[in-house]
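First the structure, in the form of structure tokens, and then the observations on it.
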Amino acid sequence: MDPTDLVRDSADLALNGPKLTSGILSVEHAASILASIPLCPPTPHHLGLRLVDAVVSCTQFNSEDLAKFWRKRSRWAVLEFAEETISSQRKHDKVPVDTLVRIGHCNYGGTMDRCDIPEAVIIKSGRVGEDLRREMSPGDNVVLRVLPDASSGPDGQSLPQVFQSPIECTVVVTMPLIIRPCLKLAFEEIIKALPNLTQPKVRVDRCGSRIVYNRQLQAFSTITSFAGIGGTESRSNS
């Protein structure tokens, strides 16, 4: 479904529900909830919009207009982020690995091991392209997968549970590639599972970035909070 159709079809959902100015969350808390939307698996458009509306109904705003402003801007940010992550997933599934490696969007076939950086792992000897340093910079988000081998079956059925699904990580260092799982629990499970694997081969793909998305949410929250505290009064006195 086209994202614009989703916006039009549910435009009045939150406005017809609970009063928007009554809630238990601050605007900052609401933004932090939206910032936690996962990259893998990608968030479907309609679920992202439903999350925004649910968060708005639980958030304390200083006026109805501020609630409408924050909801409208946040919905568009979530739609854009969801589309970026879905497009990244399609690219991983359809574009040949050799092409992704060549353009710097994939590190393929390296081995994973512990490193000295807290809560991070190092990827050694993977196939990389000349543009990797530019395309996978510190702070960027990537998806880590362990490649199935003959002992794990074609779909990796016998791999440890933590490796049976993609793991969202953040790039810490580009060369050599050092990444940190976004969830501490995922890192702990990786460390537990590594001794049971013999030099596990992995694939690391560049995915949708949270940097712009998080900055958008922060900007909307700052504008909303400032306007609620003194923006209107300041304008009337100027």
Side-chain angles (χ1 to χ4, degrees), residues 3 35-45 48 77-149 152 154-156 159 162-183 186-187 190-191 193-194 197 199-218:
S36 66
I37 290 177
L39 279 168
C40 57
T43 301
H45 299 104
V78 167
L79 278 178
E80 185 177 278
F81 181 67
E83 182 59 31
E84 184 180 2
T85 58
I86 292 170
S87 297
S88 294
Q89 182 64 55
R90 292 195 192 108
K91 181 176 63 180
H92 301 163
D93 295 339
K94 295 182 178 180
V95 177
V97 170
D98 288 343
T99 300
L100 294 175
V101 169
R102 186 174 65 254
I103 63 177
H105 285 202
C106 180
N107 181 310
Y108 189 86
T111 58
M112 177 171 53
D113 203 352
R114 303 184 66 159
C115 68
D116 295 333
I117 297 179
E119 299 179 11
V121 294
I122 185 171
I123 311 300
K124 303 176 180 178
S125 305
R127 290 167 49 199
V128 298
E130 295 180 357
D131 292 333
L132 181 70
R133 189 181 297 275
R134 178 168 58 86
E135 297 296 340
M136 286 192 189
S137 303
D140 286 346
N141 292 95
V142 294
V143 175
L144 169 68
R145 297 178 178 86
V146 172
L147 299 173
D149 56 22
S152 63
D155 298 318
L159 286 171
V162 67
F163 296 136
Q164 293 185 18
S165 300
I167 302 170
E168 181 183 344
C169 303
T170 302
V171 175
V172 180
V173 178
T174 303
M175 293 289 187
L177 183 58
I178 297 177
I179 57 179
R180 176 178 289 124
C182 292
L183 296 179
F187 170 76
I190 289 172
I191 296 305
L194 277 178
L197 299 175
Q199 293 188 328
K201 302 286 186 179
V202 301
R203 170 177 177 169
V204 180
D205 288 281
R206 183 177 182 270
C207 59
S209 175
R210 291 187 180 276
I211 296 175
V212 173
Y213 175 59
N214 288 342
R215 286 175 179 170
Q216 289 175 329
L217 294 176
Q218 181 60 47

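In this text, all values refer to a predicted model and were calculated from it rather than measured experimentally. These numbers come from the heavy atoms of this one structure, side chains and all, not from hydrogens, waters or symmetry mates.
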Heavy-atom closest pair, residues [X] and [Y]:
X    : Y    : answer
A35  : L217 : N-CD1, 3.7 Å
P38  : T43  : O-OG1, 3.4 Å
P166 : C40  : O-SG, 3.9 Å
M112 : L144 : SD-CD2, 3.8 Å
P138 : T174 : CD-OG1, 3.5 Å
N141 : C182 : ND2-SG, 4.0 Å

Approximate separation, where rounding is to 0.5 Å, of [X] [atom1] and [Y] [atom2]:
X    : Y    : atom1 : atom2 : value
K91  : I103 : NZ    : CD1   : 6.0 Å
D113 : I123 : CG    : CD1   : 9.5 Å
R127 : D98  : CZ    : CG    : 4.5 Å
R90  : I86  : CZ    : CD1   : 6.0 Å
C169 : I178 : SG    : CD1   : 12.5 Å
L194 : R114 : CG    : CZ    : 8.0 Å

Okay, side chain of [X], backbone of [Y]: is any donor-acceptor separation there less than 3.5 Å?
X    : Y    : answer
H92  : R206 : yes
R180 : P118 : yes
R203 : L147 : no

Worksheet item: Do NZ/NE/NH1/NH2 and the carboxylate oxygens of D205 and R145 come within less than 4.0 Å?
Response: yes
Practice prompt. Taking atom CD of E119 as the centre, report whether more than 12 heavy atoms of other residues, nucleotides or ligands fall under 6.0 Å from it.
Written response: yes
Worksheet item: How about D116: does its CG atom have over 12 heavy atoms from other parts shown lying under 6.0 Å from it?
Response: no
Practice prompt. May I have the step-by-step check of side-chain contact (heavy atoms from CB on, under 4.5 Å) for T111 and K201, ending in yes or no?
Written response: CA-CA 5 Å; T111 58; K201 302 286 186 179; 4.0 Å; yes
Discussion item. Is any side-chain heavy atom of F187 closer than 4.5 Å to one of V121?
Written reply: yes
Worksheet entry | Any V162 side-chain heavy atom under 4.5 Å of I167 side chain | yes
Worksheet item: With distance as the sole criterion, is a donor-acceptor pair present between the side chains of S87 and E83 under 3.5 Å?
Response: yes
